[in-house]
Amino acid sequence: MTDSTPPIASFTHRHLLGIEGLSPVEIELLLDRSESYVEQNRQADKKKSVLRGRTIINLFFESSTRTRTSFELAGKRLGGDVINMSVSTSAVKKGETLIDTAMTLNAMHPDVLVVRHADSGAVKLLSEKVNCAVINAGDGAHEHPTQALLDALTIRRRKGRLGGLQVAICGDIAHSRVARSNIHLLNTMGARVRLIAPRTLIPVQAERLGCEVFHSMADGLVDCDIVMMLRLQTERMKGNYFPSIREYFRFFGLDYDKLSRAKPDALIMHPGPMNRGVEIDSELADDIERSAIREQVEMGVAVRMACLEIMAGNLPDPWQRND
Ligand code: CP
């Protein structure tokens, strides 16, 4: 944290539903707070009592490895009580609606609900029905704010800044909440964003997002500082978007040859889960000289600690929030 970092109380949002709408100062505040947890997570004793007495419920309606685990670790390392609600064994399977599930959990007085849902907008809807803070852990193809924050922290640590960098986001942008949150964050922080994908995987009116659009890796990667790869999100696809996996990798899979168009020190990133040999060459993904993929996972815990601390710290007194 720098001397000029504003206090966490200056982050006044009740919920963290997306990056869109956050100011550069608010993003810096979240990143600075996250930075302070990176070193703590590398110590033998990782525990703090910042969230002592607080309850965090992870409510994931879609599968997750990184996000769910890191929110659980983050909550526990800050001394909070963390519950992982398993949707597959919950009353959701008996037909309980999203709202009824949320109201039921709300009646147990949690302080933070961390929610992932397959439908864009579902997390916002839920946030309007509860008294606690809600953090969006990914809603449909809409936003995944903590992923963009951990990506930004990784970039800032490696490159020393976000402003002025040329970032390429490549692959299935049309179905990607990670891409959307990153575009908002990078544009807000003064980076320049290129989207590289086949025409079928670029969202309509992509230029309105403030990005340059390319349909060729050879053209789009020229002089890039950061190359972010995205997997094909087949779970959200209806129909055929490309002729075959083999063809997709040939034209849009990142390998050493295509990467040679970017800057010599260009950093490779991927939010995971990765599909090796589809959007990224396996050897390149593991190349510690070029790839920051494992570092992204590490930064994820620090970012989620900062988000939990800030959102829990923003809650009004329980008596004033009608718990
Ligand atoms: N990047 C990401 O959201 O990964 P998980 O689906 O494993 O949480």
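Just so you know, ligand 1 is whichever comes first in the structure, and atom 1 is the first atom listed for that ligand. Just so you know, residue 1 is the first one in the sequence shown, and it goes up from there. Source: prediction; values computed, not measured. For the numbers below, each heavy atom of this structure counts, side chains included, while hydrogens, waters and symmetry mates do not.
- For K258 and D281, the salt-bridge test fails: no basic side-chain N is under 4.0 Å from an acidic carboxylate O.
- Among all non-hydrogen protein atoms, the one lying nearest atom 4 (O) of ligand 1 is R66 NE, 3.0 Å.
- Using a cut-off of 4.0 Å between Lys/Arg side-chain N and Asp/Glu carboxylate O, E20 and K124 are scored as not salt-bridged.
- At a heavy-atom cutoff of 4.0 Å, ligand 1 is contacted by no atom of R231, backbone or side chain.
- Put simply, part of R116 is less than 4.0 Å from ligand 1, judged by heavy atoms.
- In this view, N314 satisfies the side chain to side chain donor-acceptor pair (under 3.5 Å) rule with no residue, not counting sequence neighbours.
- Those atoms of ligand 1 that come under 4.0 Å of a heavy atom in T65, given as number and element, are 5 (P), 7 (O), 8 (O).
- Cation-pi geometry between R116 and F60 is not met at under 6.0 angstrom from the ring centre and within 45 degrees of the axis.
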> Hey, mind stepping through E298 and V38 against side-chain contact (heavy atoms from CB on, under 4.5 Å) and telling me if it holds?
Replying inline: CA-CA 8 Å; E298 181 188 359; V38 175; 4.2 Å; yes
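- Among Q147, H270, E62, H144, the residue whose heavy atom lies nearest to atom 3 (O) of ligand 1 is H144.
- Every atom of ligand 1 with a heavy atom of P271 under 4.0 Å away is listed here by number and element: 1 (N).
- A salt bridge links R158 with E295; the closest basic N to acidic carboxylate O contact falls under 4.0 Å.
- Every atom of ligand 1 is numbered from 1 in the order shown, and the set under 4.0 Å from a heavy atom of G272 is 1 (N), 2 (C), 4 (O).
- Residue contact check for ligand 1: G138 places no non-hydrogen atom closer than 4.0 Å to it.
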